[in-house]
Enquirer: 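So that we are looking at the same thing, I have put the structure below in structure tokens.
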Amino acid sequence: MTINEKINKIVATIPLGKLSTYGDIAKAIGMRSSARYVGWVLNSGKGKSEIPAHRVVNRNGELTGKMHFPTPNYMREMLEAEGVAFIGDSGDMKIHRWSPEEVK
DNA sequence: CGGGTGACTTTAC
DNA sequence: CGTAAAGCCACCC
């Protein structure tokens, strides 16, 4: 099981209507300082598996990865449809933050 | 083995 | 508030 697969698995585990951060995910898989790699994996895994990358945001709840979607509104639309509260252009991390469990 | 890359994070100006 | 740079680690070639 490569880190790449772990990331895909964890992201796929994020509950509907919940949000997680690159940092938390990276930490859960044992890479607390390589959050950027998480995003890279999502980019590699997109199209192959149904990875809800729109539920992964930066530590402030900002949709930093929106520019990698077909349209800038895609993430926002999906999250709102799932019941995620928004504060401006960021998700409400106080309510929807989800911490993945460590996977080995 | 080494260089390139990344959707982050933090610090600094 | 905005931009810049460094640190970070695993994958790919």
Side-chain angles (χ1 to χ4, degrees):
Chain A
M1 172 88 63
T2 64
I3 299 296
N4 197 308
E5 293 173 321
K6 288 183 183 177
I7 294 176
N8 281 305
K9 192 159 191 165
I10 288 182
V11 174
T13 305
I14 300 176
L16 190 84
K18 290 288 182 180
L19 296 175
S20 190
T21 72
Y22 295 97
D24 282 348
I25 293 174
K27 184 176 181 180
I29 63 178
M31 292 192 311
R32 7 181 211 179
S33 308
S34 297
R36 10 162 91 186
Y37 184 72
V38 175
W40 184 56
V41 172
L42 295 180
N43 216 358
S44 302
K46 73 177 181 182
K48 291 186 176 183
S49 302
E50 295 181 17
I51 304 172
H54 55 273
R55 295 188 195 138
V56 185
V57 297
N58 72 357
R59 78 190 198 96
N60 293 321
E62 297 171 17
L63 310 184
T64 52
K66 67 183 179 186
M67 64 172 96
H68 291 273
F69 283 85
T71 65
N73 297 344
Y74 188 82
M75 289 184 82
R76 175 81 178 254
E77 304 267 333
M78 287 292 280
L79 294 175
E80 289 186 323
E82 294 175 358
V84 176
F86 269 77
I87 300 176
D89 289 332
S90 303
D92 191 335
M93 300 306 282
K94 296 175 186 172
I95 302 175
H96 303 290
R97 186 169 191 172
W98 179 79
S99 299
E101 295 181 10
E102 189 167 347
V103 177
K104 301 177 184 175

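A, B, ... follow the sequence lines: proteins, then strands. Residue 1 opens every chain. The figures that follow rest on heavy atoms only: side chains count, while hydrogens, waters and symmetry mates do not.
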Enquirer: Could you state the atom-to-atom distance from NZ of A:K27 to C1' of C:dG7 in whole Å?
Expert: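 Going from NZ in A:K27 over to C1' in C:dG7 covers 18 Å.
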Enquirer: Respond yes when some side-chain nitrogen or oxygen of A:R59 is under 4.0 Å from OP1 or OP2 of B:dT10, and no when none is.
Expert: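 For B:dT10, OP1 or OP2 has a side-chain N or O of A:R59 closer than 4.0 Å.
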Enquirer: Once you round it to whole Å, what is the distance between P of C:dC1 and CG of A:N60?
Expert: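 Spelled out: CG on A:N60 to P on C:dC1 is 12 Å.
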Enquirer: State whether A:T64 places a side-chain N or O below 4.0 Å from either non-bridging phosphate oxygen (OP1 or OP2) of B:dC8.
Expert: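 Yes.
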Enquirer: I'd like to know if A:K66 pairs up with A:D89 as an ion pair, taking the criterion as any Lys NZ or Arg NE/NH1/NH2 lying under 4.0 Å from an Asp or Glu carboxylate oxygen.
Expert: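 No.
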Enquirer: Separation of A:E62 atom CD from B:dC8 atom P, in whole Å?
Expert: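 Spelled out: CD on A:E62 to P on B:dC8 is 10 Å.
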Enquirer: Heavy-atom nearest nucleotide on DNA chain B for A:T21 versus A:V38: which residue maps closer to 5'?
Expert: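 With A:T21 and A:V38 compared, the 5'-side residue is A:V38.
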Enquirer: Taking atom C1' in both C:dC13 and B:dA7, what distance in whole Å separates the two?
Expert: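 The same atom, C1', in both gives a distance of 22 Å.
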Enquirer: Can you identify which nucleotide, out of B:dC8, B:dA7, C:dA10, has its nearest atom closest to the A:M31 side chain?
Expert: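 From the listed options, C:dA10 comes nearest.
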Enquirer: Rounded to whole angstroms, how far apart are CE on A:M1 and P on C:dA10?
Expert: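 So the two atoms are 16 Å apart, to the nearest Å.
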Enquirer: Starting the side chain at C-beta, find the nucleotide from C:dG7, C:dC11, B:dA7 nearest to A:R36.
Expert: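 When the side chain of A:R36 is considered, C:dG7 is the closest of C:dG7, C:dC11, B:dA7.
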Enquirer: Answer yes or no: are there more than 12 heavy-atom neighbours, outside A:F69 itself, under 6.0 Å from its atom CZ?
Expert: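 For A:F69, atom CZ is crowded (more than 12 foreign heavy atoms under 6.0 Å).
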Enquirer: Considering all heavy atoms of both residues, which atom of A:A28 and which atom of A:I10 are nearest to each other, and what is their separation?
Expert: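 A:A28 and A:I10 have their closest heavy atoms at CB-CD1, 4.0 Å.
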Enquirer: So what does A:A53 touch, heavy atoms closer than 4.0 Å: a base, only the sugar-phosphate, or nothing?
Expert: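 Base contact.
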Enquirer: Start at the 5' end of DNA chain C and walk down; is the nucleotide closest to A:S33 or to A:Y37 reached first?
Expert: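 Final value for this comparison: A:S33.
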Enquirer: Test A:E82 against every option in A:K18, A:H54, A:H96 by the side-chain hydrogen bond (donor to acceptor under 3.5 Å, both in side chains) rule and name the one that passes.
Expert: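 Exactly one option meets the side-chain hydrogen bond (donor to acceptor under 3.5 Å, both in side chains) with A:E82, and it is A:H54.
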Enquirer: How close or far is atom C1' of B:dG6 from atom CD1 of A:I25, stated in whole angstroms?
Expert: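 A:I25 atom CD1 is separated from B:dG6 atom C1' by 15 Å.
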Enquirer: Return the value, rounded to whole Å, for the distance between atom CG of A:N43 and atom C1' of C:dC12.
Expert: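 In whole Å, C:dC12 C1' and A:N43 CG are 14 Å from each other.
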Enquirer: Could you check how far CD of A:E5 sits from P of C:dA10, rounded to whole Å?
Expert: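 Checked: the CD to P distance equals 15 Å.
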Enquirer: Once you round it to whole Å, what is the distance between P of C:dC12 and CD1 of A:I7?
Expert: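 These atoms are roughly 11 Å apart.
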Enquirer: Salt bridge or not between A:E80 and A:R76? Use side-chain N to carboxylate O under 4.0 Å.
Expert: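 Looking at A:R76 together with A:E80, the answer is yes, because their closest N to O distance falls below 4.0 Å.
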